[in-house]
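Note sheet for the following structure.
Residue numbers start from 1 in every chain, and the chains themselves are labelled A, B, ... in the order their sequence lines are given, proteins ahead of strands. Predicted model, so just to flag it, every value in this text is computed and none were measured.
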Amino acid sequence: MRAGLLVLALAACGCNDPVYLQDNGPLETAPAQGMMGGGFAPATGLYVLPVRQPTKTERQALGQLQQQLMLPDQVPWAQAKDFDIELEWSVKNVDTTPATVIVALDGGNEFGDYVPGNYIDPNANEEDQAPPPDLLTSPPLVIPPGATQTGVFREDDLQESALDLEAITRFPSGGDALATPFMVIEHRSNVSQIGLEGIPPHDVTPAHVRYAFTVSADAHVVMDYNVRVRDHNGKLAKPTDKNLYVNDAATVMPPVAPPMP
Amino acid sequence: MTTRLGLALNLALGMTVVAATAGEARAQVIAEPAPPPFPDPKKFAKGPFASGEVGALAYVGRAGKYTSPGVAFGVRLGYDLFRWLDVQAHVLGASSDASTPPPQVGQSFQTYLYAGEIRLKLQIHRFQLFAEGGAALAQVSTNVLEEVGVTHGSNFTFAVVGGGGLDYHTLNRHFSVGLGADYVWLASFTGGHAISADVYLRYTR
């Protein structure tokens, strides 16, 4: 009886219950202007996780933690271990022809963004001047007219992208900011540590809190998404709150940026 | 003369033996007494009781459109004030799947009910018909139903519970089993109606 009551009490406290945050509006591909033969321009959108500001005591604790762990850079406030985040999305083909769709996710942590287009090596041969991959992508989806397809970027995907962002935005491998995205995004950290060598020991990984979506399609499609968050340390705020912690500018320059061409 | 006396003595001895033997035969236990077909309800235990229940909870109305029925577990702790009236605290937890439109698919959530109830009882031999009702605080574990307009900013609501069932007392004076069903009205959830049905085991001290 006591054990049963304890289980009920633990379940009722809701320690690990998710919160569902709605998107800022659907992303919709539109006919590209001035493109030969028509086509559709990718739709993009940014969602910033509402994280509350730390208190004075919490700021001091972060400083102390940095000294204690002997870290060269600031300890993040929005840490990867504070949140388990899942992005659920759906794409509806509102066109009259089948659509081939790819959903890609980039964005950044509290320190800065990863924008693949900024990581093209201007000194490489022209045929090698390709951008690195997106942090997370869906496989190409073929959606019949009028149909809707759903997908998800899972919690473990977002933990992996947080680690990739840490290497890209603050601690590139061997100091090579241009090469690091190619290394870390192509490898899962639980299989290979390639590209993560620059991250100092005992580092505290910042959470992936800025989500830059890109929907590419060859037809008119509409994408909706929502953000499912399990907040382990009470750092999540309401989207309507003011003075939130994470910068909501369109782009945030990372501490270690690739050289400008 | 001697013969008559001998016959009388033999007869007296024989009667004594028969009487003695018959007495011994009546004293032997040759079978367990059969249990009474209907135990006396007056001998059932009364006082504090606890019961555990398992069943299902299904939302109906608007909330039912976006949820599937789920398994429910509950506990009741109470006291028999009279043979016809109990007061009880009731905690119920149920897990349900949300069937919300995309992109929010494949999600589940839990419903918790913390209620204070009274139970009116009518005992008919080993059977008991009962009706129960009360007020509750209801909670859903997430805001998954917010997008479909069932919850509105808060996961808590005042609730009213009402229902009834049938109780069957075992031959043990402490234990009974039963079936129950309750209707739950969730005041601040739009279309917030639910029905729970359960089987239970009850121990009365």
Sequence neighbours left out, cut at 3.5 Å: what donor-acceptor pairs do the side chains of residues 157-169 of chain B make with other protein atoms?
from     : atom 1 : to       : atom 2 : distance (Å)
B/Thr157 : OG1    : B/Ala187 : N      : 3.3
B/Thr157 : OG1    : B/Ser188 : N      : 2.8
B/Thr157 : OG1    : B/Ser188 : OG     : 2.9
B/Asp167 : OD1    : B/Ser176 : OG     : 3.3
B/Asp167 : OD2    : B/Ser176 : OG     : 3.1
B/Asp167 : OD2    : B/Tyr200 : OH     : 2.5
B/Tyr168 : OH     : B/Arg126 : NH2    : 3.0
B/His169 : ND1    : B/Asn172 : O      : 3.4
B/His169 : ND1    : B/Phe175 : O      : 3.2
B/His169 : NE2    : B/Arg173 : O      : 3.4

Contact origin within A/Gln149 toward chain B - heavy atom pairs under 4.5 Å: neither
Ring centers of B/Tyr79, B/Phe49 separated by less than 6.0 Å: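 Not under 6.0 Å, so no.
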Centroid separation A/Tyr225 to A/Tyr211 less than 6.0 Å: no
Between [atom1] on residue [X] and [atom2] on residue [Y], distance to nearest 0.5 Å:
X	Y	atom1	atom2	result
A/Glu155	A/Glu160	CD	CD	14.5 Å
B/Leu92	B/Asp198	CG	CG	8.0 Å
B/Leu113	B/His90	CG	NE2	6.5 Å

Residues A/Arg52 and A/Glu58 bridged, charged N to O under 4.0 Å: yes
Salt-bridge contact B/Asp80-B/Lys46 (side-chain N to carboxylate O under 4.0 Å):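 The answer is no: the pair does not qualify as a salt bridge.
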Student check: side-chain heavy atoms of B/Val87 and B/Leu81 closer than 4.5 Å: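 Yes - at least one pair of side-chain heavy atoms lies under 4.5 Å apart.
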Residues from residues 20-30 of chain A approaching chain B under 4.5 Å (heavy atoms): A/Tyr20, A/Gln22
Interface residues of residues 94-113 of chain A facing chain B - heavy atom cut-off under 4.5 Å: none
Interchain contact, B/Gln110 with chain A, by part (heavy-atom threshold 4.5 Å): side chain
Using a 3.5 Å cut-off and no angle test, enumerate the donor-acceptor pairs between side-chain atoms of residues 161-168 of chain A and protein atoms at least two apart in sequence or in another chain.
from     : atom 1 : to       : atom 2 : distance (Å)
A/Ser161 : OG     : A/Asp157 : O      : 3.4
A/Ser161 : OG     : A/Leu158 : O      : 3.0
A/Ser161 : OG     : A/His208 : ND1    : 2.7
A/Glu166 : OE1    : A/Arg170 : NE     : 3.0
A/Glu166 : OE2    : A/Arg170 : NH2    : 2.9

